[in-house]
Amino acid sequence: MLNLDLLRREPDHVRAASRRRGIGSEFVDRILELDRERRAAITSAESLKAEKNALTARIAKAADKKAAAAELRPRIAELDQRIAEAGKSIPVLDERIDAELALIPNVLDGSVPDGSDEHANQLVRTWGEPPRFDFEPKPHWEIGERTGIFDFERATKISGSRFTILRGAGARLSRALAQFFLDRAARNAYAEINPPVLVSRATMWSTGQLSKFSDQMYAFEGDDANDALYLIPTAEVPLTGMHRDEILPGDGLPLRYAAHTPCFRKEAGAAGKDTRGLIRQHQFEKVELVWLTTPERSFDDLETLTRNATGLYEELGIAHRVMLLCAGDTGFNAAKTYDVEAWLPGANTYREISSCSNCTDFQARRSSIRFRREATAKPELVHTLNGSGGAIGRTIVAIVENYQRADGGIGIPDVLRPFAGFASIEPDGSTR
RNA sequence: GGAGAGAUGGCGGAGCGGUUGAACGCGGCGGUCUUGAAAACCGCAGGCCCUUCACGGGGCUCGUGGGUUCGAAUCCCACUCUCUCCUCCA
């Protein structure tokens, strides 16, 4: 959620930020007007309350309380009426301001390039060379189906489209990747968390997912709207939600968390995109990395987080590049996002494999996650960062396509072998 | 699912319907003392919002939402959550 105070003090800054996102800025004046009305209502209602409280205190101090109460009761009753009248618009205005504010994306960092879509994203760096093949490299679904490690047909039978069954070496590879990612997260000082994957509406709301992913999430209806439970679209939700409404000691920051969870997305609006293979699934696993950090270091921490993600693909020997997303491509909560894109020989292109974002105080404001620099200091909002480190399904895709052999078998990257327990997947699906 | 108990400040724990935003203890912060530390002693301290250039002033806040009352942490109602016992269960 955007800082209302920023909007009051620097409306032009917010207007400029909206323009960069390619959205209108009429909301600025609308909110400022609502805010003026709201504050006027609060001020008048509160001064009437103060008047009333003074009368009540007089009764409390009077020698004869009954007599004092009898004398003052009519004036108090009149004040009660005026208080109710003066204050009745406040909750309505609150709601309207919140509703407007909830639709405004985070203010972009100055380093984010202009542009409306992915074509304007900026190449930051590349690592590795795309592998050369002396045969025509195949897409992962072909290799996977031939070896039997993916079973799309039966997955469709039991669940529908955009689900995949991993079988044998495929399932083991998935498990090995989860272990590998978690192992590296631990080395990089992330605390491992195993959170619930069903979360309450309040949690979804506070992490800002309801506005961003509202049509992307699977929900279980409760007896009423408030006991609905949502399947998480990413572990970012429970990991940042954990500290909702907390004031953290400043010397404990940054907090770094890693969680391996399944993630669930409806992928509404992605019809026809990535229909083959396991690039875009309704259910997938990943290890998510989350930081709660301080404002002055959050952009440096974003670099570290991104390095943590790319380090995984360096170890796996998969060529990749880091892209700085342009204004139009940067997500709602983020002030700045780096995508890590892995080279996929079957597709002959780079595809997103991790997305690392600094949400600054945008998420923390809605979730009310704060910290104190000193024991006696005023609480300030933390900055939150999140990124995948890494995405298990998409990494399987990258391994299968990059390590495919002419005979239809698949090599396993060296670092993964101790976790997998095998060094290759043979054309018949067996392992060596 | 059934029965009971309870929800107060960072923690523990008080709180006749009226200077209780909240005793007391621990913890925290700042002092005094000390070469330094500890101990002891003294003092300061919740959060949110409105207002003010500022000093300050004001409102809200004792799980949440309603109600009674001139006045509610204290009384009433509903809800939520936690704990104990029973039941069930990976």
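Throughout, protein chains are lettered first and strands after them, A, B, ... in sequence-line order, and every chain is numbered starting at 1.
Across residues 72-100 of chain A, R73(A), I76(A) each have a non-hydrogen atom less than 4.0 Å from an atom of RNA chain B (numbered order). Of all the residues in residues 237-253 of chain A, not one reaches under 4.0 Å from RNA chain B with any non-hydrogen atom.
Taking atom C1' on both nucleotides, C33(B) is separated from G43(B) by 15 Å, rounded to a whole Å. Taking the P atoms as reference points, G2(B) lies 35 Å from U69(B), given to the whole Å. Rounded to whole Å, the C1' atom of C16(B) lies 15 Å from the corresponding atom of A23(B). Taking atom C1' on both nucleotides, G59(B) is separated from C41(B) by 38 Å, rounded to a whole Å. Nucleotides U68(B) and C75(B) place their C1' atoms 8 Å apart, quoted to the nearest Å. Atom C1' of C85(B) sits at a distance of 22 Å from the matching atom of A90(B), rounded to the whole Å. Nucleotides A14(B) and A22(B) have their C1' atoms positioned 10 Å apart, rounded to a whole Å. A gap of 9 Å separates the C1' atoms of G13(B) and U8(B), to the nearest Å.
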Original post:
How does RNA chain B read in dot-bracket, base by base from 5' to 3', with Watson-Crick or G-U pairs under 3.5 Å and | used when the partner is on another strand?
Top reply: ((((((((.[[[..)..(.....]]].(((((.......)))))..(((((....)))))..[[[[[..)....]]]]])))))))....
**OP:** Give the C-alpha distance, both sets of side-chain angles, the deciding distance and a yes or no for salt bridge (charged side-chain N to carboxylate O under 4.0 Å, His left out) between R30(A) and E100(A).
**Re:** CA-CA 9 Å; R30(A) 218 155 47 221; E100(A) 292 266 6; 2.8 Å; yes
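Residues Y338(A) and E303(A) bring a donor and an acceptor atom of their side chains to less than 3.5 Å of each other. The closest side-chain donor-acceptor pair between R244(A) and T203(A) falls under 3.5 angstrom. Using modelled atom types, one finds a donor on one side chain and an acceptor on the other under 3.5 Å when comparing Q363(A) with T384(A).
The nearest whole Å value for the distance from the NZ atom in K378(A) to the P atom in A45(B) is 12 Å. With rounding to whole Å, L229(A) atom CG is found 14 Å from U80(B) atom P. In this entry the distance linking CG of L55(A) with C1' of G18(B) reads 15 Å, nearest Å. The distance between atom CZ of R372(A) and atom C1' of C29(B), rounded to the nearest whole Å, is 11 Å. Following rounding to the nearest Å, D5(A) (CG) and C50(B) (P) show an atom-to-atom distance of 8 Å. Rounded to whole Å, atom P of C49(B) lies 12 Å from atom CG of D35(A).
Comment: R351(A) does not engage E341(A) in a salt bridge, judged by the lack of any side-chain N to carboxylate O separation of less than 4.0 angstrom. Using a cut-off of 4.0 Å between Lys/Arg side-chain N and Asp/Glu carboxylate O, R432(A) and E426(A) are scored as salt-bridged. Under the 4.0 Å criterion applied to side-chain N and carboxylate O atoms, R184(A) and E315(A) are assigned as salt-bridge partners. R394(A) has no carboxylate O lying under 4.0 Å from a charged side-chain N of E285(A), or vice versa, which leaves the two without a salt bridge. Salt bridge present: R417(A) and D414(A) bring a charged side-chain N and a carboxylate O closer than 4.0 Å.
Among residues at least two apart or in separate chains, ring pair (Phe, Tyr, Trp, His ring centres under 6.0 Å) pairs with a member in residues 353-376 of chain A are F332(A)-F362(A).
Geometrically, K336(A) does not engage F299(A) in a cation-pi contact, judged by NZ or CZ lying under 6.0 Å from the ring centre and within 45° of the ring axis.
Side-chain atoms of R38(A) lie closest to C49(B) of the nucleotides G47(B), G71(B), C49(B).
A glycosidic torsion no more than 90° from 0 defines the syn conformation; U8(B) lies beyond that range and is anti.
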Subject >> Footprint string (nucleotides 52-67 of chain B, 5' to 3'): B base within contact, S backbone only, - free, heavy atoms under 4.0 Å >> reply: ------BBS-------
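Counting any heavy atom pair closer than 4.0 Å across all strands shown, R365(A) reaches no nucleic acid atom.
Nearer to the 5' terminus of RNA chain B, by closest-nucleotide assignment, is the contact made by A60(A) (compared with the other of R370(A) and A60(A)).
Under the 30°/60° scheme for interplanar angles, the aromatic rings of F163(A) and H282(A) are found to be tilted.
Residue R96(A) places its CZ atom among 12 or fewer non-hydrogen atoms of other residues, nucleotides or ligands, all under 6.0 Å distant.
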Please output the side-chain donor-acceptor pairs of residues 75-88 of chain A that fall under 3.5 Å, not counting sequence neighbours, one pair per line with the distance.
unit_1, atom_1, unit_2, atom_2, d
D80(A), OD1, K52(A), NZ, 2.7
E85(A), OE2, K88(A), NZ, 3.2

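A close approach under 4.0 Å does occur between a side-chain nitrogen or oxygen of K52(A) and OP1 or OP2 of G71(B).
Between T395(A) atom OG1 and L316(A) atom CG the span is 7.0 Å, to the nearest 0.5 Å.
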